[in-house]
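Notes follow the structure.
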Amino acid sequence: MKIGLLAMSGVRAHDKKLLELGLTLPGFVDRSRIIASLPSLGLLYLAARTPAGHDVHYFEAESADSVPLEVLGCDLIAISTFTAQIFEAYAIADRLRQAGVKVAMGGLHVSVLPEEARLHADYVAVGEGENTWPAIVEAAARGAPPAIFKATDFEPVDIARLPVPRFDLLHGRSYNRYTIQTTRGCPWRCEFCASTVMLQAPYRRRPVDQVVRDIRAIELLQPQPFIEFADDNTFVDKAWGRELCQELIPLNVKWFTETDLSVADDSELLDLMRRSGCRQVLIGLESPSAGPLAGLEQRADRKARWASHYADAVRTIQSHGITVNSCFILGLDGQDGSIFREVLEFAEAVSSFDVQITILTAFPGTPLYDRLQRQGRILQPEAWQLCTLFDVNFRPTGMTPQELREGIYWLGEQLYGEEATRRRRKGFFSQSNRQGSLL
Ligand code: B12
Ligand code: SF4
């Protein structure tokens with residue numbers, strides 16, 4: 001069969017005012033330019049797990065209307081889904097099926113709503129795809145009827161034996177960054193979290209030599225690449241983290257990852273991260289002080305417990321020459337109109353190199369979605385296109401939806417303007433031993 005893997009690319013937001021701001025503020029523009037073009041690692045894994053004898057192609061579409069015509073020549077198309085683009089993905093799937101192409105869908109959104117997805121796809125995959133995908137390909141090849149394939153009905157994915165993602169399929173395309181995973185999942189449970197945690201398997205680390213193997217495969221496409229670890233929480237295990245960094249040092253790559261605040265407690269690890277090319281860690285602080293954090297992490301209330309160390313931790317990490325992207329969620333229960341200034345003051349006080357502000361978003365399948373729905377606080381139920389992290393679709397407790405919107409516009413202007421961005425970055429360079437350049 002000719003098999004196409006279709007990734008939805010680009011970023012999404014519907015709030016017009018925020019979009020306008022995004023186009024003008026330097027801090028916003030930088031980060032969206034970097035992340036807007038990341039390849040779909042999930043699909044590259046599926047490509048590597050495709051049984052022999054099929055012809056596999058990788059495609060990207062920025063919207064439902066920009067699907068390359070070549071997909072119509074495929075026998076089977078695999079679409080990877082996130083919630084914000086799900087209606088675009090369904091529209092594409094409907095058109096392809098009308099044209100006689102079989103469609104398989106997987107990824108975070110359809111994994112939690114497979115019954116919704118089966119109205120649009122022949123085969124729906126729930127959970128990690130490495131072991132369901134070969135069965136889907138076989139089903140399509142023999143013309144089997146539509147079905148849902150659950151990862152839990154197959155061998156668990158052994159993360160120590162993942163194949164090399166088919167980075168070679170990206171040949172001829174240009175990316176700022178390439179993604180690999182060093183870990184899957186996260187041992188913590190934040191109420192709002194809609195990451196790979198949703199795929200249900202526990203937190204797992206990959207053998208370090210296999211991470212190195214995958215970076216070598218990327219180097220065949222681009223020497224000295226910038227790597228974005230598509231992990232949820234890389235450095236939960238510090239001993240393994242030190243081993244990983246040791247092995248990355250000779251590779252001479254630059255990298256970025258998402259991790260929790262506990263890295264700040266291990267200065268040997270921070271030294272190794274810096275020496276191995278770490279340029280930035282993105283950390284979900286969520287709110288600058290403990291109040292709104294209470295109960296957010298549902299296993300051990302970690303975020304509330306860490307809050308009193310937030311400022312010191314950001315400074316410690318940055319003092320090792322690693323920039324921090326401090327992430328804050330706006331609209332949490334317990335936050336009121338003073339939260340916008342509080343975030344600004346925190347970011348200024350610690351000179352966080354980058355700051356990410358997003359709106360509390362109830363992704364389907366999360367405990368947050370269930371709670372807000374029970375409380376009647378979702379404004380437009382099932383308006384999945386609004387799950388962008390930038391659109392308000394719930395009623396906050398400490399302000400109105402409109403105050404939340406106005407607050408994020410104000411904070412965006414304050415944080416991402418040229419002067420504020422320059423001040424924070426200057427602060428970072430004076431905290432760290434870096435000499436004014438991150439290259
Ligand atoms: C890289 C990334 C992107 C890239 C995606 C590149 C691409 N073309 O796919 C870009 C920058 C484009 C992106 C955009 C967005 N993203 Co994003 N992104 C990520 C990130 C950092 C890593 C995802 C990843 O590579 N995971 C690793 C792979 C291996 O896992 P996977 O994709 O889930 O695939 C596995 C399974 O799901 C399954 N599978 C997946 N697809 C299929 C298909 C079939 C047929 C089968 C059988 C199996 C299968 O098999 C795979 C292997 O096991 C995650 C955060 C994180 N740490 O996970 C956020 C994340 C996925 N993004 C998120 C969001 C909100 C967005 C945006 C809406 C942001 C915005 N406002 O624009 C947009 C969505 C628009 C869009 N284009 O889809 C949320 C999604 C939550 C949700 N439930 O939808 C996440 C979880 C971040 C977060 N913390 O909230 N993102
Ligand atoms: S620490 Fe991050 S990845 Fe882990 S559960 Fe919380 S939000 Fe999700």
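Counting convention: from 1, in listed order, for ligands and their atoms alike. The chain is numbered in sequence order, starting from 1.
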Is it the case that ligand 1 has an N or O less than 3.5 angstrom from some N or O of His109? no

From Glu258, Arg299, Lys303, Gln298 - option closest to atom 1 (S) of ligand 2 by heavy atom: Lys303

Would you say Cys193 reaches atom 6 (Fe) of ligand 2 with an N/O/S atom under 2.8 Å? no

Counting heavy atoms under 4.0 Å, the part of Pro39 that contacts ligand 1 is backbone

Is any N or O atom of Thr179, backbone or side chain, closer than 3.5 Å to an N or O atom of ligand 1? no

For Ser9, take its heavy atoms, then give the atoms of ligand 1 lying under 4.0 Å from any of them. 77 (N)

Which ligand 2 atoms, with their elements, are less than 4.0 angstrom from a heavy-atom of Cys186? 1 (S), 3 (S), 4 (Fe), 5 (S)

Within the structure, does Trp133 bring an N/O atom to less than 3.5 angstrom of an N/O atom in ligand 1? no

Is Ser195 close enough to touch ligand 1? Criterion: a residue heavy atom under 4.0 Å from a ligand atom. yes

Atoms of ligand 1 close to Gly107 [distance to a heavy atom under 4.0 angstrom, numbered from 1]: 37 (O), 39 (N), 40 (C), 41 (N), 42 (C), 49 (C)

Ligand 1 to Thr83, heavy atom cutoff 4.0 Å, flagged ligand atoms 82 (C), 83 (N), 84 (O)

So does Gln402 have more than 12 non-hydrogen atoms from other groups sitting under 6.0 Å from CD? yes

Hey, is ligand 1 close enough to Gly129 that some N/O pair sits below 3.5 Å? yes

Quick one: does Gly127 get within less than 4.0 Å of ligand 1, heavy atoms only? yes

Among Arg377, Gln335, Gln375, which one satisfies side chain to side chain contact (heavy atoms under 4.5 Å, CB included) with Thr397? Arg377

For Ile79, is the nearest heavy atom under 4.0 Å from an atom of ligand 1? yes

With respect to atom 76 (C) of ligand 1, which of Gly10, Ala7, Ala84 exhibits the smallest heavy-atom separation? Gly10

List ligand 1 atoms under 4.0 Å from Asp231, heavy atoms only on the residue side. 57 (N)

Closest heavy-atom approach to atom 19 (C) of ligand 1 among Phe192, Tyr45, Phe82, Phe363 is made by Phe82

Examine Thr132 against ligand 1 and note whether any of their N/O atoms are separated by less than 3.5 Å. no

Just to be sure I read this right, does ligand 1 sit under 4.0 Å from the backbone of Ser80, its side chain, both, or neither, counting only heavy atoms? both

With heavy atoms under 4.0 Å as the rule, classify the contact between Phe390 and ligand 1 as side chain, backbone, both or neither. side chain

Just one of Val324, Val281, Ile283 clears the side chain to side chain contact (heavy atoms under 4.5 Å, CB included) bar with Leu261, so which one? Ile283

Tell me whether Thr196 has any N or O atom under 3.5 angstrom from an N or O of ligand 1. no

Please determine whether Cys190 has a backbone or side-chain N, O or S atom lying under 2.8 Å from atom 4 (Fe) of ligand 2. no

Judged by non-hydrogen atoms, does Gln181 sit under 4.0 Å from ligand 1? yes

For ligand 1, is any non-hydrogen atom under 4.0 Å from Arg184's backbone (N, CA, C, O), its side chain (CB onward), both, or neither? side chain

Val157 contact mode with ligand 1 (heavy-atom cut-off under 4.0 Å): neither

What atoms of ligand 2 come within less than 4.0 Å of a heavy atom belonging to Trp188? 1 (S), 5 (S)

Name the option, out of Glu128, Glu88, Met8, Glu130, that contains the heavy atom nearest to atom 52 (C) of ligand 1. Glu130

Pick whichever of Gly42, Ala78, Ala13 has a heavy atom sitting closest to atom 32 (O) of ligand 1. Gly42

From atom 24 (C) of ligand 1, work out which of Gly106, Gly365, Ala230 has a heavy atom at the shortest distance. Ala230

